[in-house]
Amino acid sequence: MIEHPMERRQVLTLLGALAAAGMVFPRMALANWDKAAFEARTMDEALKALGAGTPATGGDVQIIASDIAENGAVVPVQAVSKLPNTERIAILVEKNPSMLAGSFDIAADTIPDVTARIKMGQTSNVHVLVKADGKFYTASKEIKVTLGGCGG
Amino acid sequence: MGKPMKIRAASKDGVTEIKVLMNHEMETGQRKDASGATIPAWFINQVTAKLGDRTVLQAQWGPSISKNPFLAFRIKGGKAGDTVTVTWVDNTGDTRTDEATVT
């Protein structure tokens, strides 16, 4: 590839101007994103990266979703915690290449009840992991997928 | 800059429900185009929601969140006229902020 110093300089100047205007946050994007948890290959790895170890099961955490998802590209999942001091809710899809779909940090006045839409490559167990008072709890549900949502 | 989000926020009986529909491709980095080349990953990885100037929800997302992501949650407090602000940042550093007024 041939270098175009003028163009590169212009691009850098533009990027600098954008950064100065507070419009670009590449460092922030990298700093807070839990790379290890999102790139985990197994459930154990993902739980470890989230600091969860072996979470307890129980009725205080619920996952609300339909049993069958016709379209794996859009699967609505509602994650509910009834535990006091819920700090974080995470949704994990066991058979997805990227297991951790998302984690949600709950502020004190926010009700620990989060709905999101996830992708599912195939039929899989979907787990909700809740951190409350520094301890971890989980609930799971198998969602059957008729048409996978991660293929090309 | 990303495309605009749709935000709805409604207060009832001391609880404010916030619904957000974002406009983003959410490419996983696993798909291939017609010529067999991998389409690079491109997804929202951070979301922050504020009620007034108080942060009420912060999320970290991976590529397993669906295209045009939808997010719904509820907050104790909030009243009609309050401002809800939602910001996302994607893995390319692109970002988008939108506001809505609680009804």
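A, B, ... follow the sequence lines: proteins, then strands. Residue 1 opens every chain.
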> Nearest 0.5 Å, please: how far is OG1 in B:Thr16 from CD1 in A:Ile111?
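Here the rounded value is 9.0 Å.
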> Take atom NZ in A:Lys141; do more than 12 heavy atoms of anything else shown fall under 6.0 Å from it?
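More than 12 within 6.0 Å, yes.
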> Sort by residue number and list every member of residues 100-109 of chain A having a non-hydrogen atom under 4.5 Å from chain B.
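Answer by number: A:Leu100, A:Ala101, A:Gly102, A:Ser103, A:Phe104, A:Asp105, A:Ile106, A:Ala107, A:Asp109.
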> Please report the interatomic distance CH2(B:Trp61) to CZ(A:Phe38), rounded to the nearest 0.5 Å.
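These two atoms lie 10.5 Å from each other.
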> Contact part of B:Leu21 toward chain A, heavy-atom cut-off under 4.5 Å: side chain, backbone, both or neither?
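Looking at B:Leu21, just its side chain touches chain A.
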> Look up atom OG1 in A:Thr115 and atom CZ in B:Arg74, then write down how far apart they are to the nearest 0.5 Å.
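If I round to the nearest 0.5 Å, the distance is 8.5 Å.
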> Is chain A contacted by the side chain of B:Val15, its backbone, both, or neither, given a heavy-atom distance below 4.5 Å?
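The answer is the side chain of B:Val15.
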> I'd like to know if A:Ile63 and A:Ile91 are part of one continuous hydrophobic network [Ile/Leu/Val/Met/Phe/Trp/Tyr, side-chain heavy atoms within less than 4.5 Å].
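As far as the 4.5 Å side-chain criterion goes, A:Ile63 and A:Ile91 are connected within one cluster.
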> Below 4.5 Å from any heavy atom of chain A, which atoms of B:Pro69 appear? Answer side chain, backbone, both or neither.
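Contact with chain A: none, neither part.
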> In terms of heavy-atom proximity below 4.5 Å to chain B, should A:Val93 be classed as side chain, backbone, both, or neither?
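Contact with chain B is absent: no heavy atom of A:Val93 under 4.5 Å.
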> Pick whichever of B:Arg54, B:Lys67, B:Gln60 has the most heavy-atom pairs under 4.5 Å with chain A.
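Result: the option with the highest number of such pairs is B:Gln60.
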> Under a 4.5 Å side-chain heavy-atom rule over Ile, Leu, Val, Met, Phe, Trp and Tyr, are B:Trp88 and B:Val86 clustered together?
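In one cluster: yes.
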> Checking B:Ser64 side chain against A:Ile118 main chain: does a donor-acceptor pair fall under 3.5 Å?
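Absent.
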> Is there a continuous path of hydrophobic side-chain contacts, each under 4.5 Å between heavy atoms, that joins B:Val84 to B:Leu57?
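Yes, because B:Val84 and B:Leu57 connect within a single hydrophobic cluster, where side-chain heavy atoms sit under 4.5 Å apart.
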> Would you kindly confirm whether A:Val145 and A:Val77 end up in one hydrophobic cluster when ILVMFWY residues are joined by side chain heavy atoms under 4.5 Å apart?
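As far as the 4.5 Å side-chain criterion goes, A:Val77 and A:Val145 are connected within one cluster.
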> About how many Å separate OG1 of A:Thr110 and CD of B:Gln58, when rounded to the nearest 0.5 Å?
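Result: 10.5 Å between the selected atoms.
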> To the nearest 0.5 Å, what is the distance between NZ on A:Lys119 and CD on B:Gln30?
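Reported value, rounded in 0.5 Å steps: 9.5 Å.
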> Shared ILVMFWY cluster between B:Phe70 and B:Val56, side chains joined below 4.5 angstrom?
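B:Phe70 and B:Val56: separate clusters.
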> Take atom CG of A:Asp133 as the centre, draw a 6.0 Å sphere, and report whether it contains more than 12 heavy atoms from other residues, nucleotides or ligands.
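Yes - once you tally the heavy atoms of other residues, nucleotides and ligands closer than 6.0 Å, there are more than 12.
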